[in-house]
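See below for the structure under consideration.
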2 protein chains.
Amino acid sequence: MATGRTHRPATRSRGIPEATVARLPLYLRALTALSERSVPTVSSEELATAAGVNSAKLRKDFSYLGSYGTRGVGYDVEYLVYQISRELGLTQDWPVVIVGVGNLGAALANYGGFASRGFRVAALLDQDPALTGRTVAGMPVSHTDDLERIVTENGVSIGVITIPAGGAQQVCDRLVAAGVTSILNFAPTVLSVPEGVDVRKVDLSIELQILAFHEQRKAGEDATAPADLPAGPHTTPRKGPDGDVPAVMPA
Amino acid sequence: MATGRTHRPATRSRGIPEATVARLPLYLRALTALSERSVPTVSSEELATAAGVNSAKLRKDFSYLGSYGTRGVGYDVEYLVYQISRELGLTQDWPVVIVGVGNLGAALANYGGFASRGFRVAALLDQDPALTGRTVAGMPVSHTDDLERIVTENGVSIGVITIPAGGAQQVCDRLVAAGVTSILNFAPTVLSVPEGVDVRKVDLSIELQILAFHEQRKAGEDATAPADLPAGPHTTPRKGPDGDVPAVMPA
DNA sequence: ATGCCTTTGTGAACGCGTGCACAAAGATGG
DNA sequence: CCATCTTTGTGCACGCGTTCACAAAGGCAT
Ligand SMILES: NC(=O)c1ccc[n+]([C@@H]2O[C@H](COP(=O)([O-])OP(=O)(O)OC[C@H]3O[C@@H](n4cnc5c(N)ncnc54)[C@H](O)[C@@H]3O)[C@@H](O)[C@H]2O)c1
Ligand SMILES: NC(=O)c1ccc[n+]([C@@H]2O[C@H](COP(=O)([O-])OP(=O)(O)OC[C@H]3O[C@@H](n4cnc5c(N)ncnc54)[C@H](O)[C@@H]3O)[C@@H](O)[C@H]2O)c1
């Protein structure tokens with residue numbers, strides 16, 4: 001998982017479990033696709049397949065929102081789209097700021113998938129004077145000096161951090177002080193925030209490392225018959241757990 | 001969480017719980033920082049704080065790897081770095097291919113955080129003839145026609161998909177057929193893969209929606225005293241749960 | 001050598017999440 | 001109006017993950 005909440009042991013907000021909340025966007029995506037194909041109703045089985053989850057799990061998830069289905073028929077697609085959107089707060093317009101307009105920040109600014117979900121990029125911020133004033137994704141890049149003013153004036157409550165790890169905590173502090181209460185962090189650092197502020201992190205490097213772990217395990221399992229795997233690690237694999245000398249030994 | 005595994009109910013691979021595996025990269029990052037500052041040993045309490053987790057959880061996580069600590073002293077930083085690296089398979093070199101060299105794919109290609117962890121970009125692939133042959137991040141962009149050859153020749157077992165959702169399943173199928181057994185998917189689609197192939201997904205839109213949910217909940221809680229929040233949703237907030245007419249009613 | 005102090009490693013309890021399996025509900029056809 | 005069939009909503013059990021709390025282990029000073 002590239003993400004995880006910080007603090008708070010998965011509080012059950014308004015009776016909806018955190019795990020369910022995390023799946024609602026998945027259902028919404030599948031439902032939106034059905035809606036565009038003008039499908040009127042869908043069964044829990046069909047929708048679950050489309051969303052890649054168990055149908056019992058899906059029904060239980062929906063039961064937290066209320067009884068929106070019709071037995072013997074299924075769920076009304078349009079109605080469910082509305083209910084989930086409302087539950088997720090997507091009937092509102094959420095202005096966000098992106099701090100750090102480098103490779104990743106620029107890619108996010110150019111991404112169309114945010115606006116379609118009610119997230120509007122209110123401003124792009126960067127420290128670099130060479131970027132300030134330039135236009136990225138049809139939007140001027142503002143200097144971080146104006147961070148507090150921009151956040152306040154636009155009523156921004158969600159901030160996206162796409163700067164190197166070194167400056168992330170400081171930028172985070174400024175965002176929080178200015179009124180931001182939700183942060184999406186791409187910098188590989190642990191951010192500490194006061195109570196009441198949510199932080200979610202996306203760390204691509206961690207995702208790859210988790211894949212590598214399982215990849216190594218797969219390669220190790222059939223170490224007796226490695227020939228049936230068309231692709232393997234490029235360098236010489238160390239099949240056995242342990243068995244080679246550590247680079248550094250403890251004192 | 002921006003990520004989650006597909007299929008398989010969290011199998012305990014080689015006795016190490018999935019949740020622990022997901023945290024090992026976090027510990028490794030914190031340990032690497034300590035190592036660079038030449039800190040010889042660290043206690044579970046200190047390291048846990050640096051990694052943003054509970055110290056008891058950290059100790060239990062490490063206990064799955066073995067008894068690498070010294071009571072009364074703590075853990076040897078260098079030794080632990082090595083052990084975790086080995087456990088994650090980072091002592092190997094993992095060649096990866098990135099399919100889709102658009103905004104996001106290019107940002108990933110430019111990212112230096114991969115190579116530093118043993119992940120080497122073996123090739124960039126794109127369908128667009130206008131991109132083919134051009135250089136991105138000092139590396140030529142190959143055409144997707146050569147996907148199978150490149151994967152086979154380089155022994156690639158990890159593929160990164162950064163193309164629009166429409167073509168993701170097809171590219172996924174080709175990667176798997178060519179021998180890729182781990183996929184990191186950025187396209188907002190559910191990928192179906194055969195047994196033995198791991199898929200992890202990163203969906204930024206989902207992350208924002210989860211933040212929006214909690215943001216709305218926070219705004220709704222103190223609906224009686226909204227004045228003490230300096231920043232709020234830009235449009236008129238609908239404070240109460242329900243109470244307004246749905247845009248669409250069920251038949 | 002001995003006692004004290006720090007910190008690990010883990011047993012045990014608890015809570016959350018998942019999935020099975022089924023009764024109730026409602027639609028549909030005769 | 002009744003029988004049948006489909007599909008929801010959920011009670012229940014189970015397993016994983018988290019956290020507490022503490023005994024054991026080892027270093028260190030005297
Ligand atoms: N590019 C990727 O694919 C990728 C992948 C994973 C993680 N990340 C992480 O995302 C972050 C950004 O990556 P990137 O590749 O876009 O880096 P980058 O160097 O291309 O861009 C960083 C930008 O942030 C600006 N910046 C630096 N410090 C700042 C500050 N204090 N205030 C405001 N702006 C500041 C810089 O001027 C620069 O424009 C890094 O933490 C990186 O580790 C990136
Ligand atoms: N840019 C972002 O910040 C961002 C954020 C979240 C999710 N995503 C997702 O990541 C994916 C890529 O986003 P992007 O902004 O880079 O898009 P993009 O349009 O900038 O780039 C897509 C690239 O993929 C190539 N492509 C398309 N179909 C292909 C195929 N079948 N085989 C090989 N190459 C193909 C295109 O030629 C193009 O170069 C999308 O699924 C998008 O939803 C992007």
Side-chain angles (χ1 to χ4, degrees), chain A residues 1 4-24 26-27 31 39-77 79-80 83 210 250-251, chain B residues 1 4-24 26-27 31 39-77 79-80 83 210 250-251:
Chain A
M1 192 165 353
R5 293 187 53 212
T6 314
H7 284 297
R8 231 167 323 172
T11 324
R12 179 163 302 202
S13 345
R14 168 133 159 254
I16 301 182
E18 191 61 27
T20 295
V21 172
R23 280 188 294 268
L24 290 182
L26 239 58
Y27 302 144
L31 285 164
V39 176
T41 61
V42 66
S43 72
S44 64
E45 196 65 41
E46 293 168 319
L47 186 55
T49 302
V53 301
N54 185 292
S55 70
K57 194 188 294 185
L58 179 142
R59 287 197 299 276
K60 182 148 291 189
D61 283 342
F62 285 173
S63 76
Y64 292 115
L65 309 183
S67 288
Y68 294 150
T70 305
R71 292 168 193 238
V73 176
Y75 298 91
D76 183 278
V77 171
Y79 187 59
L80 208 45
Q83 289 298 340
I210 295 173
Chain B
M1 194 174 355
R5 293 184 56 213
T6 314
H7 284 297
R8 233 168 322 170
T11 324
R12 179 164 302 203
S13 346
R14 170 132 159 254
I16 301 182
E18 190 61 27
T20 295
V21 173
R23 280 188 294 268
L24 290 182
L26 238 56
Y27 302 143
L31 285 165
V39 177
T41 60
V42 66
S43 71
S44 64
E45 195 65 41
E46 293 168 320
L47 186 54
T49 302
V53 301
N54 186 292
S55 71
K57 193 187 295 185
L58 179 142
R59 286 198 300 275
K60 180 144 290 189
D61 283 341
F62 285 174
S63 77
Y64 292 114
L65 308 184
S67 289
Y68 293 149
T70 307
R71 295 169 191 238
V73 176
Y75 298 91
D76 183 278
V77 172
Y79 185 60
L80 206 46
Q83 289 298 340
I210 296 172

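All chains are named by letter (A, B, ...) in the order of the sequence lines, taking the proteins before the strands, and each is independently numbered beginning at 1.
When distances run from any side-chain atom of A/S63 to the nucleotides D/dT10, C/dG9, D/dG17, the shortest one goes to D/dT10.
Every pair passing salt bridge (Lys or Arg N to Asp or Glu O under 4.0 Å) that includes a residue from residues 60-70 of chain A is listed here, sequence neighbours excluded: A/R23-A/D61.
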Check your understanding: Nucleotide by nucleotide, 5' to 3', does protein get under 4.0 Å of the base (B), only the sugar-phosphate (S), or neither (-) in nucleotides 24-30 of chain C, counting heavy atoms?
Key -> BB-S---
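For B/T70, there are no side-chain hydrogen bond (donor to acceptor under 3.5 Å, both in side chains) partners two or more places apart in sequence or in a different chain. Applying the salt bridge (Lys or Arg N to Asp or Glu O under 4.0 Å) test to A/R59 and every residue at least two apart in sequence or in another chain returns nothing.
Here CG of B/L31 is found 11.5 Å from CD of B/Q83. Values are rounded to the nearest 0.5 Å. For the atom pair B/L47 CG and B/Y27 OH, the distance stands at 8.0 Å (nearest 0.5 Å).
Atom CG of A/D61 is separated from atom P of D/dT10 by 13 Å (rounded to the nearest Å). Here D/dT8 presents its P atom at 15 Å from CG of A/L65, a figure rounded to the nearest Å. Computed from coordinates, the B/Y68 OH to C/dG9 C1' distance equals 14 Å when rounded to whole Å.
The residue A/T20 sits apart from the nucleic acid: no heavy atom pair falls under 4.0 Å. Contacts of A/F62 with the nucleic acid, taken as non-hydrogen atoms under 4.0 Å apart, are absent.
For the residue pair B/T41 and B/V39, the shortest heavy atom distance occurs at O-CG1, 3.3 Å. Scanning both residues, A/Y64 and A/G15, for their nearest heavy atoms gives CD2-O, 3.6 Å. For the pair B/S55 and B/S44, the tightest heavy-atom approach, listed with the atom from each and the gap, is CB-O, 3.9 Å.
Near-neighbour residues of DNA chain D inside residues 40-49 of chain B, defined by a heavy atom below 4.0 Å, are absent. Residues from residues 53-60 of chain A with heavy atoms under 4.0 angstrom of DNA chain C, sorted by number: A/N54, A/A56, A/K57, A/R59, A/K60.
Between B/Y64 and D/dC16 there is no side-chain polar atom (N or O) within less than 4.0 angstrom of OP1 or OP2.
Ring centers of A/Y68 and A/F62: at least 6.0 Å apart, outside the cut-off.
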